[in-house]
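Each ligand, and each atom within it, is numbered from 1 in the order the structure gives.
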Amino acid sequence: QAQAHAQYLADHDLLTGLPNRNHVIKAYPQALEDCRQQGLQAALIFLDLDHFKRVNDSLGHGVGDELLMHLARRLQQALGPQERVARLGGDEFLLLVPHAEAATEARVRVQELLTLIAEPVQISQTELRVTPSIGVSLFPQDGSDIDVLMRHADQAMYCAKAAGRNSMAWFRPEMNAAAQSRLDLEVELRRALAQGDLKVYFQPRVDVVTGQVVGAEALTRWIHPQRGLIPPDVFIPVCEDCGLICELGAMVLEASTRQQVAWAGQGRALKISVNLSPRQFFYHALLQEVRGILQRTGCDPRMIELEITESVLLGHDERTVATLEGLHALGLGIAIDDFGTGYSNLAYLHRYPVDTLKIDRSFIRLLDELPALTEMIVTMCKVLKVNMVAEGVETVEQLAWLRERGVHEYQGFLFSPAVPPEAFERLLVQPQ
Ligand code: C2E
Ligand code: MG
Ligand code: MG
């Protein structure tokens, strides 16, 4: 039973109960094969909600989740006998429609979907309306395997978005050109990584009470020869998409451990935290790689903290726990980054080896308007008895508030943004 349950969790999206991307990759090749054998075609319909982020940002993730559940149910109820629907992640859904005349059928189905999604959804007192952008690829003319068909449907969806949303687009081979520019960025990133154009900057972590710099967060910057400084929000997602993130992550960890050792040699005991993206966390050779880096650089693992986001803990499977415990056994600290913005599964959090919670800067920003909310987050940290770091502190008032509440450390522009190592060293000698 436990195994069946674990299998279910691996193949389903917990929020909507729909099959997930994992399932699509595993099961759709057979579904396509069945079509082939029955002499059928199929349409792959990629559906992405327009401006869903706005719902999350303005009404909160709870409302966003509820909206997704409503829409997932609608999609499921609208399925024909041989059709399938899956949630690929976020606000992306995928439908598989086998049919003798897939193009004709898809045209009808897409119109139905546009109407179906646009129907208002009632959540508490609010009536919400969202629209989708839809991209369609056809089997077998646009591709014979599921990876290619999904990529093509995705490209078509991008074109529908670009064309003004709430619309649909068929995949056309020319769309590969648009995808080419994304690919160019990948190629450039790969080159940047090889040439050392990606630099690790450090933002001080400061003791709230003493004002001493006690550590730093490593934050990556792309110093582009023509375009200048490119922030991580632009290139980290690209790295995640194309798998480059593991290589980048290893580079950042190595640079950070070397820096830690160099500063330790100057008599400065600074704890350095390094961001670990989910993709990297689930990389099978992570532990081995981290161990290798620690050995090569001779860094004391207790002086390195890895920052993961709550989304990593969502699945709560054995592998997550094993990886976390493995990292902990190496002596590394674990921090939960952007705490409070994810699902904050408090029931599980205390079971993980977590050393630090980094209170997301949105709560610090909210201090003026809604201090009770920030207060609640701080209280949660206290209950969990972990080290607390406030992110994004920009004013002395915010700092005073944190001091009063017993928050241990802070980061923020009030003290300094992330800077290159040389500038960081100057910050250490300057009285603030
Ligand atoms: P994060 O880990 O939450 O990093 C904190 C972000 O807040 C940084 O943005 C930092 O510059 C910014 N910040 C710090 N103090 C303040 C402040 O007082 N006010 C405001 N408004 N912002 C402040 P940055 O460097 O642009 O990084 C954005 C995100 O990119 C990071 O969020 C992290 O998730 C990701 N990232 C950066 N470097 C790496 C990396 O090497 N690996 C991975 N996996 N992710 C990275
Ligand atoms: Mg971070
Ligand atoms: Mg953060």
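Remark: of the listed residues Glu307, Glu217, Gln203, Glu305, Glu307 is the sole one forming a side-chain hydrogen bond (donor to acceptor under 3.5 Å, both in side chains) with Ser273. Under the side chain to side chain contact (heavy atoms under 4.5 Å, CB included) rule, Leu306 has a single partner from Leu253, Leu286, Asn275, which is Leu253.
Each of the following atoms of ligand 1 lies closer than 4.0 Å to a heavy atom of Gln203: 14 (C), 15 (N).
Backbone and side-chain nitrogen or oxygen atoms of Asn275 are examined, and one is located within less than 3.5 angstrom of a nitrogen or oxygen of ligand 1. Of the N or O atoms in Asp337, one or more lie within a sub-3.5 Å distance of an N or O in ligand 1. The distance criterion of under 3.5 Å between nitrogen or oxygen atoms is met by Phe413 with respect to ligand 1.
The part of Ile236 lying near ligand 1 is the side chain, judged by heavy-atom distances below 4.0 Å. Residue-level proximity to ligand 1 for Pro231 is absent, since no heavy atom of it falls below 4.0 angstrom. Under 4.0 Å from ligand 1, not a single heavy atom of Lys358 appears. In Asp233, the part holding a heavy atom less than 4.0 Å from any atom of ligand 1 is the side chain. Within the 4.0 Å heavy-atom criterion, the part of Asp338 lying near ligand 1 is the side chain and not the backbone. The proximity of Thr220 to ligand 1, defined as any non-hydrogen pair under 4.0 Å, involves the side chain as well as the backbone.
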Show the atom names and distances, to 0.1 Å, of all donor-acceptor pairs under 3.5 Å that link a side chain in residues 16-26 to residues at least two apart or in another chain.
unit_1, atom_1, unit_2, atom_2, d
Thr16, OG1, Asp13, OD2, 2.4
Thr16, OG1, Leu18, N, 3.2
Asn20, OD1, Asn22, N, 3.2
Asn20, OD1, His23, N, 3.0
Asn20, ND2, Ala10, O, 2.9
Asn20, ND2, His12, O, 3.3
Asn22, ND2, Ala10, O, 2.9
Lys26, NZ, Asp11, OD1, 3.0
Lys26, NZ, Asp11, OD2, 3.3

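Distances shorter than 4.0 angstrom do not occur between any heavy atom of Glu240 and any atom of ligand 1. In this structure, Glu394 is part of the shell of residues with a heavy atom less than 4.0 angstrom from ligand 1.
Note on Asn275: counted as a metal contact of the Mg ion (ligand 2), an N/O/S atom lying under 2.8 Å. The Mg ion (ligand 2) has an N, O or S atom of Glu217 inside 2.8 Å of it.
Between atom 11 (O) of ligand 1 and the options Arg221, Met251, Gln411, Glu391, the minimum heavy-atom separation is to Arg221.
Nearest N, O or S atom of Asp337 to the Mg ion (ligand 2): atom OD2. Restricting Glu307 to its N/O/S atoms, the shortest distance to the Mg ion (ligand 2) is reached by OE1.
Glu409 and Arg205 are joined by a salt bridge, as a carboxylate oxygen and a charged side-chain nitrogen come within less than 4.0 angstrom of each other. Ion pairing of Glu119 with Arg74 is absent here, as no side-chain N (NZ or NE/NH1/NH2) approaches a carboxylate O to less than 4.0 Å. Salt bridge status for Arg227 with Glu188: present, with a side-chain N to carboxylate O gap under 4.0 Å.
A side-chain donor-acceptor contact under 3.5 Å links Arg403 to the backbone of Val208. Formation of a donor-acceptor pair under 3.5 Å by the Gln260 side chain with backbone atoms of Leu270 is found in this model. Between the side chain of Thr297 and the backbone N or O of Arg258 there is no donor-acceptor pair closer than 3.5 Å.
Donor-acceptor pairing under 3.5 Å is recorded for the side chains of Asp50 and Thr131.
Counting only residues at least two apart or in different chains, salt bridge (Lys or Arg N to Asp or Glu O under 4.0 Å) contacts with residues 163-172 comprise Arg172-Glu174.
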